[in-house]
Structures are given as C-alpha cells and as structure tokens.
Amino acid sequence: MQNTNIEYRSIIMRCDTINHNAYRILPDHVSIEYYKDGMETIWKDIQKAAGEFTIKSDAEIIEYFTSRFGQETDLLKKHCLFLKDSITNQYIGTCMAWHANQGTKSIPILHWLAVSGDYARQGFARKLITLVLKILEEEHPYEPIYLHTQPSSYPAIKLYHDFGFHICRTDTYGTAVNEYEEAVSVLKNVMTQESFESLIHDAVD
C-alpha cells in the first residue's frame, strides 16, 4: 500500500546478479494466471487496492493500460501475470516481466508490481518478484534487470534489495529521471537505519 504522504522522487534500481536465496515458492492454494483479453479490469482493481492511481478514474486507468500495453498483447499473455487465491477466488497481485529502451537497446525490467491490500504483508510481493525474475533470467541471461520505484514504496525497495537490486546513483532508462540524491534524503527518514545503510552501501553508478 502506497503512503501518499511521502514525497515523490524517481528511483532507478538495477540487478546485476540475482540473489536466488530470496526466491520463494507459492502455497498450494495460490495459482498463476497470465493476462487474457479483458483482464485489464483486474489489473486496474489490484493497482487501486494497492494504492496506485489514487486520482484517476477507472476509465482513465484502463486507458493508461490500453495505451501503454495494448499494442503488445502477445507479450502481455506471456509476461503479465496474476496470483489468484483458490480458496477465496480473489486476485492477490500482479507484476510484469517487461522491457524498456535504454539508448538504442532494449533492456529487461520488472514492472508494475502490486499486491491487493487484503493480501499485503503476507509474502506475496516476494513471490511475484520470484516469478518475474525467473522469466527475465531465462529470456535475458546475464543481462542487468532494471526497475523504477519511489520512496513511498520503501518496503518494496528493501525487498528488491534482498533480491540483488541496487539503487543507482546515475544510471537510468526510458524517460525516467534519476533523482538519487533527493530520493536518498527521503528514504533516510522512512526506512530503518539498518535497511537504509545497507541500501546506500550497495549503491551502484
């Protein structure tokens, strides 16, 4: 769940070597579903339940999804995944194994991780990251994997760090601005001292 009271700053993280010790398996009652036509509504509901798109209408969120990903439905059906609870029949969370431009090349990114508030803090974000990284490391072996985040997602930042993602001082991709110095000053006030110091110690260019 996003904390909207925390100042927004753009953060880039990069994983050069995955820490496989952070991987976790799914419990028996949770299944994986891949995107099918119409599931943008489910994606919208999960993102809203996770605290994203707080000032956008449902129609605007659907429009964002369609305009951003709708031209790549074949990729969505392989790389946009959802977790579903077979006991409650509810969707738990979602994440994408996606791509972005970095100069003239395409790079793998972990994209739009979200867990519904009902399932927050139960380890499902870690399980979603595990599944997405397995896809990306199979399709892009030995390539750095990137993600974009913000200080309000500081619990996820610690989780990303567990997997081997390091905060970047200068590196970036796509149109994202790297606001390392400003972001660090915000993170210092919201993360535990141990987590913050470890994150900064491992920072990369």
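One is the number of the first residue; the rest follow in order along the sequence.
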Student: Hey, do the aromatic rings of Phe82 and Trp43 have their centres closer than 6.0 Å?
Tutor: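 No, the ring centres sit 6.0 Å or more apart.
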Student: How many angstroms lie between atom OG of Ser116 and atom CD1 of Ile42, to the nearest 0.5 angstrom?
Tutor: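 One finds 12.0 Å between OG of Ser116 and CD1 of Ile42.
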Student: Between Ser10 (side chain) and Ala176 (backbone), is there a donor-acceptor pair under 3.5 Å?
Tutor: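 Not confirmed, Ser10 side chain does not pair with Ala176 backbone.
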Student: Look at Arg169 together with Asp171 and state whether they make a salt bridge at an N to O cut-off of under 4.0 Å.
Tutor: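 Salt bridge between Arg169 and Asp171, a charged N being under 4.0 Å from a carboxylate O: no.
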Student: Phe163: which residues meet the ring-ring contact (aromatic ring centres under 6.0 Å, His included) condition with it, sequence neighbours left out?
Tutor: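 Partners of Phe163 under the ring-ring contact (aromatic ring centres under 6.0 Å, His included) test: none.
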Student: Looking at side-chain heavy atoms only, is the closest gap between Phe69 and Met96 below 4.5 Å?
Tutor: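 Yes - at least one pair of side-chain heavy atoms lies under 4.5 Å apart.
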Student: Check whether more than 12 heavy atoms from other residues, nucleotides or ligands sit under 6.0 Å from atom NZ of Lys84, and answer yes or no.
Tutor: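 It does: Lys84 NZ has more than 12 such atoms within range.
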Student: Begin from the C-alpha positions of Thr170 and Tyr180 and carry the test side-chain contact (heavy atoms from CB on, under 4.5 Å) through to its verdict.
Tutor: CA-CA 7 Å; Thr170 58; Tyr180 173 80; over 6 Å; no
Student: Is there side-chain contact between Ile107 and Pro144, with heavy atoms separated by less than 4.5 Å?
Tutor: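 The answer is no; the side chains never approach within 4.5 Å.
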Student: Out of curiosity, does Leu128 fall in the hydrophobic cluster containing Ile92 (side-chain heavy atoms, cut-off under 4.5 Å, transitive links)?
Tutor: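 Yes; tracing contacts between hydrophobic side chains, which count when under 4.5 Å, links both residues.
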Student: Rounded at 0.5 Å granularity, tell me how far CD in Glu7 sits from OG in Ser152.
Tutor: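 Answer rounded to 0.5 Å: 11.0 Å.
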Student: With a 4.5 Å cut-off on side-chain heavy-atom distances among I, L, V, M, F, W and Y, is there a chain of contacts connecting Trp98 to Leu147?
Tutor: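 No, Trp98 and Leu147 fall in different hydrophobic clusters.
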Student: Test side-chain contact (heavy atoms from CB on, under 4.5 Å) on Lys78 and Tyr35; report intermediate values, then the result.
Tutor: CA-CA 7 Å; Lys78 296 178 181 178; Tyr35 174 85; over 6 Å; no
Student: Out of curiosity, does Phe165 fall in the hydrophobic cluster containing Ile12 (side-chain heavy atoms, cut-off under 4.5 Å, transitive links)?
Tutor: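 No, Ile12 does not connect to Phe165 through the hydrophobic network.
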Student: Atom CD1 in Ile109, atom SG in Cys15: separation rounded to 0.5 Å?
Tutor: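 Reported value, rounded in 0.5 Å steps: 14.0 Å.
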Student: Is Ile11 reachable from Tyr146 through a run of hydrophobic residues whose side-chain heavy atoms are each under 4.5 Å from the next?
Tutor: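 No; Ile11 is not reachable from Tyr146 via cluster members.
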Student: Any sub-3.5 Å donor-acceptor pair from Ser67's side-chain atoms to Glu63's backbone N or O?
Tutor: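 Yes, the answer is positive, given that a donor and an acceptor are paired below the 3.5 Å cut-off.
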Student: Hey, are the side chains of Asn178 and Cys168 touching, using non-hydrogen atoms and a 4.5 Å cut-off?
Tutor: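 Yes. Closest side-chain heavy atoms under 4.5 Å.
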Student: Spell out, as yes or no, whether a donor-acceptor pair under 3.5 Å connects the side chain of Gln102 to the backbone of Thr172.
Tutor: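 Yes.
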Student: May I ask you to check whether His79 and Glu139 show a side-chain donor-acceptor distance below 3.5 Å?
Tutor: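 Checked: His79/Glu139 side chains pair up, N/O donor to acceptor below 3.5 Å.
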Student: Check step by step if side-chain contact (heavy atoms from CB on, under 4.5 Å) holds for Phe196 and Ile200.
Tutor: CA-CA 6 Å; Phe196 175 77; Ile200 300 308; 3.6 Å; yes
Student: State yes or no: are the ring centers of Trp112 and Phe53 separated by less than 6.0 Å?
Tutor: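 Ring centroids of Trp112 and Phe53 are less than 6.0 Å from each other.
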Student: Looking at Phe124, is Lys127 sitting on its ring face, NZ or CZ under 6.0 Å from the six-membered ring centre and within 45 degrees of the normal?
Tutor: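 The answer is yes, since Lys127 meets both limits relative to Phe124.
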Student: Are side-chain heavy atoms of Leu113 and Thr94 found at a separation under 4.5 Å?
Tutor: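 No; the side chains remain at least 4.5 Å from each other.
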Student: Give a yes or no on this: more than 12 heavy atoms of other residues, nucleotides or ligands lie within 6.0 Å of atom NZ of Lys188.
Tutor: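 Check fails, neighbour count at 12 or below.
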Student: Tell me whether Ile135 is reachable from Ile145 by hopping between hydrophobic residues (I, L, V, M, F, W, Y) whose side-chain heavy atoms are closer than 4.5 Å.
Tutor: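 In one cluster with Ile145: Ile135, yes.
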Student: Give a yes or no on whether a salt bridge exists between Lys158 and Asp162, defined as a side-chain N under 4.0 angstrom from a carboxylate O.
Tutor: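 Judged by the 4.0 Å cut-off on N to carboxylate O distance, Lys158 and Asp162 do form a salt bridge.
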Student: Does His148 offer a backbone N or O that forms a donor-acceptor pair with the side chain of Tyr173 under 3.5 Å?
Tutor: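 The answer is yes, because a donor-acceptor pair under 3.5 Å joins these two groups.
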Student: With rounding to the nearest 0.5 angstrom, report the OG to CD distance, Ser185 to Glu182.
Tutor: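 Between atom OG of Ser185 and atom CD of Glu182 there are 7.0 Å.
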Student: Between Phe65 and Leu76, is there a side-chain heavy-atom distance shorter than 4.5 Å?
Tutor: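 Answer yes - side chains close enough.
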Student: Taking only residues two or more places apart in sequence, or in another chain, which ones meet Tyr8 in a ring-ring contact (aromatic ring centres under 6.0 Å, His included)?
Tutor: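 Partners of Tyr8 by the ring-ring contact (aromatic ring centres under 6.0 Å, His included) criterion come out as none, since no residue qualifies.
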Student: Report the C-alpha distance between Ser198 and Ser195 in whole Å, list the side-chain angles of each, state the deciding distance to 0.1 Å, and finish with yes or no for side-chain hydrogen bond (donor to acceptor under 3.5 Å, both in side chains).
Tutor: CA-CA 5 Å; Ser198 178; Ser195 296; over 6 Å; no
Student: When you measure from the side chain of Asn101 to the backbone N and O of Gly103, does any donor-acceptor pair fall under 3.5 Å?
Tutor: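 Not a single qualifying donor-acceptor pair exists.
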Student: Could you tell me whether the side chains of Gln90 and Tyr119 share a donor-acceptor contact shorter than 3.5 Å?
Tutor: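 On atom types as modelled, these side chains qualify, holding a pair under 3.5 Å.
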Student: Would you say the side-chain atoms of Glu197 pair up with the backbone N or O of Glu194, donor to acceptor, closer than 3.5 Å?
Tutor: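 Not confirmed, Glu197 side chain does not pair with Glu194 backbone.
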Student: Pick out which of Asp202, Leu187, Val204 makes a side-chain contact (heavy atoms from CB on, under 4.5 Å) with Ile167.
Tutor: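 Among Asp202, Leu187, Val204, the one that satisfies the side-chain contact (heavy atoms from CB on, under 4.5 Å) with Ile167 is Leu187.
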Student: Determine, stepwise, if the pair Tyr154 / Thr149 fulfils side-chain contact (heavy atoms from CB on, under 4.5 Å).
Tutor: CA-CA 9 Å; Tyr154 65 91; Thr149 188; over 6 Å; no
Student: Counting only N and O atoms by type, is there a donor-acceptor contact under 3.5 Å from the side chain of Glu72 to the main-chain atoms of Arg68?
Tutor: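 Judged by distance alone, no pair lies under 3.5 Å.
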Student: Output the distance between atom NZ (Lys44) and atom OG (Ser57), rounded to the nearest 0.5 Å.
Tutor: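 Those atoms lie 9.5 Å apart.
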Student: Counting only N and O atoms by type, is there a donor-acceptor contact under 3.5 Å from the side chain of Glu40 to the main-chain atoms of Gly38?
Tutor: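 Yes.
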Student: Any chance you could measure Arg126, atom CZ, to Leu131, atom CG, to the nearest 0.5 Å?
Tutor: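 The CG atom of Leu131 is 13.0 Å from CZ of Arg126, to the nearest 0.5 Å.
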Student: Just wondering, do Ile157 and Met13 contact through their side chains at under 4.5 Å, heavy atoms?
Tutor: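 Touching, per the 4.5 Å side-chain cut-off.
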Student: Which heavy atom of Leu159 sits nearest to which heavy atom of Ala125, and what is that distance?
Tutor: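 Looking at all heavy atoms of both residues, the closest pair is CD2-CB, 3.7 Å.
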Student: Side chains of residues 24-31: which donor-acceptor pairs under 3.5 Å do they make with residues two or more places apart or in other chains?
Tutor:
unit_1 : atom_1 : unit_2 : atom_2 : d
Arg24  : NH1    : Asn21  : O      : 2.9
Arg24  : NH1    : Ala22  : O      : 3.4
His29  : ND1    : Asp85  : OD1    : 3.2

Student: Are any of the side-chain heavy atoms of Leu75 and His99 separated by less than 4.5 Å?
Tutor: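 Leu75 reaches His99 side chain to side chain.
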Student: Measuring only between side-chain heavy atoms, which start at C-beta, is His166 closer than 4.5 Å to His161?
Tutor: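 The answer is yes; the side chains approach within 4.5 Å.
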Student: Identify the heavy atoms of Pro151 and Val190 that sit nearest to each other, and give their distance.
Tutor: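 Between these two residues, the closest heavy atoms are O-CG2, 4.4 Å.
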Student: If you compare all heavy atoms of Glu137 against all heavy atoms of Lys134, which two are closest, and at what distance to 0.1 Å?
Tutor: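 Of all heavy-atom pairs spanning Glu137 and Lys134, the closest is CG-O, 3.6 Å.
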